[in-house]
Amino acid sequence: MRAFLRASLDIEMYRYLCAVFFTILILFLSVAATSASEDHWDDQARIEKECAPYCLKVFLWNTVNMNQKIEACDKKNEQMAALQSQLAVSKVKETMYEKTIREKNVHCKSEEQLYADVSSIKHKIDNMAAQTQSESKLLQILKQLEDYRVTLELKNEQIRSLETKLQISEYLLENCKANFTASPADLMIMDSKREADHKVFETSCLQAGNSSDIREIQVPGAEAFRVPCDGRIAGPGWMVIQRRVDKSVDFNRGWAEYRTGFGDLEGNFFIGLEKLYRMTNSQPHELYIYLENFENEIRFARYDNFSIASEEDAYQLKVLGKYSGDAGDALMLNRNMKFTTFDRDNDKRDFDNCAIERHSGWWYSQCARSNLNGRYFERELDKWEGIWWWNWQETRTLKSVQMLIRPTINSTETN
């Protein structure tokens with residue numbers, strides 16, 4: 001670039017000097033001509049004759065030299081034009097290179113950020129893996145604790161049963177001592193009668209363990225009755241108090257039937273509010289609600305404490321403990337609500353009866369976010385009177401539901 005500028009300056013200087021030279025020559029010739037005309041008219045011919053050859057030589061020399069300079073100048077101009085063209089190309093390339101460099105810098109920064117993001121994600125994944133491993137160990141420990149809890153409940157139930165049997169044996173022994181003078185035949189008859197009168201029943205399904213069969217239990221204040229036990233849905237020792245699997249049993253019933261219970265213990269049934277009151281007040285129980293939709297998806301809701309009041313208080317949902325599960329807490333509005341049927345209106349709605357609208361007996365308020373005793377539909381529909389659990393899929397009807405109870409560990413400690 002500097003050489004190019006220097007050449008351009010030399011050409012301009014050369015042009016300038018040529019112009020000065022010709023200007024001086026013309027002035028000289030003019031002055032000479034004027035002077036000769038005024039002072040030496042006679043010598044004009046002689047001077048011109050003497051000067052012409054020299055001036056002609058000078059003029060010819062300058063003309064030749066000037067042509068050479070002009071040719072050199074034209075070559076310089078051509079070179080300058082070529083250099084200017086190269087300079088323009090170089091500027092275009094420089095712009096392209098600068099753009100490429102900027103793009104490369106952005107790309108490099110993006111790659112650096114990408115590497116940083118990848119490293120951060122890897123670190124998070126490692127932390128999540130470690131946390132998952134810790135949670136897995138914690139779940140194993142919790143499962144072991146649950147197994148220990150169930151085992152402890154079973155042992156305590158066995159102890160209570162043995163204590164009852166011991167009391168009965170002591171009672172029989174005292175009667176034997178009192179009737180020692182009776183004949184052997186009379187004693188055998190009396191023992192048979194006493195054994196029938198003092199048959200020992202379990203008070204829950206804890207003794208059933210993982211089996212799922214129908215057993216006979218007895219709780220204080222009630223005669224012995226049969227219940228379906230279940231050890232498959234939520235672990236050992238649960239008792240089914242309500243089940244819906246098809247439309248073979250109508251649950252839109254009156255107060256008397258909900259009080260005593262109805263249905264088939266091996267299919268659709270409701271255990272009865274009076275039995276439920278006796279059981280949940282004899283010892284603390286927990287509640288487990290099993291839900292299944294028509295896509296065979298299963299959810300559950302679990303409450304760590306559950307009991308209802310007596311008939312005098314309309315079998316009020318007296319206690320509903322802490323919720324856990326993946327179905328959502330759809331019973332929260334039912335807490336402290338009395339039971340309502342189409343012929344016994346105990347809800348908080350003034351203008352009508354929720355049981356009539358929902359085709360169900362339930363612990364209604366105004367009305368509720370659950371309707372497990374509603375009308376059974378054989379496909380999923382959006383029906384207020386159907387079987388549904390609002391917090392899972394609102395009023396879209398369910399395929400199957402079950403309510404189960406089991407004594408809590410607190411009951412084994414207090415007994």
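Note that the numbering runs from 1 along the sequence shown for the chain.
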Between [X] and [Y] (side chain of the first, backbone of the second, donor and acceptor by atom type, cut-off under 3.5 Å), is there such a pair?
| X | Y | answer |
| --- | --- | --- |
| Gln316 | Met337 | no |
| Thr280 | Leu276 | yes |
| Arg253 | Asp250 | yes |
| Asn293 | Glu297 | yes |
| Asn268 | Asp246 | yes |
| Asn77 | Met80 | no |
| Arg243 | Ser400 | no |
| Gln393 | Arg396 | yes |
| Thr397 | Leu381 | yes |
| Asp313 | Tyr315 | no |

Notebook entry, point to check: Below 4.0 angstrom, N of the basic side chain to O of the carboxylate: do Glu286 and Arg406 qualify?
Noted result: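 Salt bridge: yes.
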Note to self: Test side chain to side chain contact (heavy atoms under 4.5 Å, CB included) on Thr340 and Asn353; report intermediate values, then the result.
What the structure shows: CA-CA 8 Å; Thr340 293; Asn353 184 337; 3.3 Å; yes
In the structure I gave you, are the side-chain heavy atoms of [X] and [Y] within less than 4.5 Å of one another anywhere?
| X | Y | answer |
| --- | --- | --- |
| Ser370 | Asn334 | yes |
| Asn371 | Ile387 | no |
| Val227 | Ile271 | yes |
| Cys367 | Arg349 | yes |
| Glu380 | Trp388 | no |
| Ile217 | Thr203 | no |
| Lys338 | Trp363 | no |
| Tyr376 | Lys399 | yes |

Checklist line | Tyr303 six-ring face occupied by Lys322 cation (under 6.0 Å, within 45°) | finding: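 No; the conditions do not both hold, so Lys322 does not lie above the ring face of Tyr303.
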Check: Is the cationic atom of Arg375 (NZ for Lys, CZ for Arg) positioned less than 6.0 Å from the six-membered ring centroid of Phe251 and within 45 degrees of its normal?
Finding: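 No cation-pi geometry.
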Indicate whether any N or O donor in one side chain lies under 3.5 Å from an N or O acceptor in the other, for [X] and [Y].
| X | Y | result |
| --- | --- | --- |
| Asn281 | Ser307 | no |
| Ser324 | Arg302 | no |
| Tyr288 | Gln402 | no |
| Tyr364 | Asp345 | no |

Atom pair [atom1]/[atom2] of [X] and [Y] - distance to nearest 0.5 Å:
| X | Y | atom1 | atom2 | answer |
| --- | --- | --- | --- | --- |
| Gln84 | Lys91 | CD | NZ | 9.5 Å |
| Lys99 | Arg102 | NZ | CZ | 8.0 Å |
| Ile289 | Leu331 | CD1 | CG | 4.5 Å |
| Leu83 | Leu87 | CG | CG | 8.5 Å |
| Gln207 | Glu202 | CD | CD | 4.5 Å |
| Asp347 | Gln366 | CG | CD | 8.0 Å |

Which heavy-atom pair separates [X] from [Y] by the least distance, and what is that distance?
| X | Y | answer |
| --- | --- | --- |
| Ser204 | Met239 | CA-CE, 4.2 Å |
| Tyr323 | Ala301 | CE1-CB, 3.7 Å |
| Phe342 | Ala355 | N-CB, 3.6 Å |
| His285 | Pro407 | CD2-N, 3.5 Å |
| Ile298 | Tyr290 | CD1-OH, 3.4 Å |
| Gln242 | Asn373 | NE2-OD1, 2.9 Å |

Checklist line | Pair listing, disulfide (SG to SG under 2.5 Å) test, anchored in residues 229-328, at least two apart | finding: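 Output for this query lists Cys205-Cys229.
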Notebook entry, point to check: After noting the C-alpha distance and the side-chain angles of Arg226 and Arg215, does the key distance pass the side chain to side chain contact (heavy atoms under 4.5 Å, CB included) rule?
Noted result: CA-CA 5 Å; Arg226 299 169 71 232; Arg215 296 201 169 199; over 6 Å; no
Notebook entry, point to check: Can you tell which of Arg369, Arg299, Arg335 makes a salt bridge (charged side-chain N to carboxylate O under 4.0 Å, His left out) with Asp329?
Noted result: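 Only one of Arg369, Arg299, Arg335 forms a salt bridge (charged side-chain N to carboxylate O under 4.0 Å, His left out) with Asp329, namely Arg335.
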Margin query: side chain to side chain contact (heavy atoms under 4.5 Å, CB included) for Leu317 and Phe306? Distances and angles first, verdict last.
Written below: CA-CA 8 Å; Leu317 184 52; Phe306 171 74; 3.4 Å; yes
Next item on the list: Take Phe262 and Phe269 through the ring-ring contact (aromatic ring centres under 6.0 Å, His included) test and state the conclusion after the steps.
Entry: CA-CA 6 Å; Phe262 54 87; Phe269 88 102; 8.7 Å; no
Notebook entry, point to check: Is it the case that more than 12 heavy atoms not belonging to Glu98 sit under 6.0 Å from its CD atom?
Noted result: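 Enclosed: over 12 neighbouring heavy atoms sit under 6.0 Å from CD of Glu98.
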Next item on the list: Check the pair Met403, Leu287 against side chain to side chain contact (heavy atoms under 4.5 Å, CB included), reporting the backbone distance first and the verdict last.
Entry: CA-CA 7 Å; Met403 298 175 65; Leu287 172 66; 4.3 Å; yes
Note to self: Among residues at least two apart in sequence or on other chains, which ones pass side chain to side chain contact (heavy atoms under 4.5 Å, CB included) with Arg344?
What the structure shows: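 Here the qualifying residues are Trp255, Thr341, Asn346.
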